[in-house]
Amino acid sequence: MARNGPEGTGPMHVPFGHIVANQKWRGSQLVQGMQGKIKIVFEDGLTPVDFYVSSRSCIVYVTEADLVAGNGYRKRLVRVRNSSSLQGMVIVEKTRMSEQYFSAIQKFTVLDLGMVLLPVASQMEASCLIIQLVQEQTKEPSKNPFLSKKRTLIPELSLLRTVQQIPGVGKVKAPLLLQKFPSIQQLSNASVGELEPVVGQAVAQHIHAFFTQPR
């Protein structure tokens, strides 16, 4: 597989309907969940990328162990974010063990780096999500909801799931918020008074605190 750019952060040639996976994932539950559904090619030296969905779209996968271990994942995210040739999204294992660390990576990924973050409960759930992403890449660009003209991928699904993770929001209030505040930036800048008519006083205060508390 040809790859341009230094330190594994350049575009990768990905055959139509395939995914290119970092060699470290061979034999994992995540890859086993994708086998038979999409074609997988393994490559060495993809760090910091874990998976290439297309030639310029990649995934950085943060495991439960990565979260618990500390902030080591941040360097990988920054390297992908700083690559002018890659559109990166982040998949994070949000489990009972790692839940207390999730808020920190969510704020760092979404607010500080402006990247897409998708929480999953397990590697099997992640494999289903990645299969969906690969299948979406095979659609015509005009019909592909996962592609954006912006430098980063901001699929509606990931934005919705990100907002759902804010304390007090959930699946019901998230769509209402996004109708009024269609981006994370607008939502993070909204005052309690602006949020209140949409979600009520208590949740408005939760959202405002989420975005304004020191990180």
For this session: Return the set of residues passing side-chain hydrogen bond (donor to acceptor under 3.5 Å, both in side chains) with Lys24 (not counting sequence neighbours), or none when no residue passes.
Result: Asp50
Exercise. How long is the gap from CG on Asp66 to CZ on Arg76, to the nearest 0.5 Å?
Worked result: 5.5 Å
Exercise. Taking only residues two or more places apart in sequence, or in another chain, which ones meet Gln35 in a side chain to side chain contact (heavy atoms under 4.5 Å, CB included)?
Worked result: Val31, Gln32, Ile40
Problem set entry | Pairs involving residues 187-206, ordered by first then second residue, that meet salt bridge (charged side-chain N to carboxylate O under 4.0 Å, His left out) (sequence neighbours left out) | none
Problem set entry | Pairs flagged by ring-ring contact (aromatic ring centres under 6.0 Å, His included) wherever residues 60-87 is involved - sequence neighbours left out | Trp25-Tyr61
Exercise. Applying ring-ring contact (aromatic ring centres under 6.0 Å, His included), which residue pairs with at least one partner in residues 178-197 are found, sequence neighbours left out?
Worked result: none
For this session: Show your working on side chain to side chain contact (heavy atoms under 4.5 Å, CB included) between Ser188 and Leu111 and close with a plain yes or no.
Result: CA-CA 8 Å; Ser188 65; Leu111 298 183; 4.3 Å; yes
Exercise. Shortest non-hydrogen contact from Gln23 to Arg26?
Worked result: NE2-NE, 2.7 Å
Exercise. Can you list the steps and then say if Val163 with Leu178 is a side chain to side chain contact (heavy atoms under 4.5 Å, CB included)?
Worked result: CA-CA 8 Å; Val163 174; Leu178 288 173; 3.9 Å; yes
Exercise. Atom SG of Cys128 and atom CG of Leu133: how far apart are they, to the nearest 0.5 Å?
Worked result: 11.5 Å
Problem set entry | For Gly88 against Val80, the heavy-atom pair lying closest together | CA-CG1, 3.9 Å
Problem set entry | By side chain to side chain contact (heavy atoms under 4.5 Å, CB included) - contacts of Ile131 (at least two apart) | Met34, Lys37, Ile38, Gln135
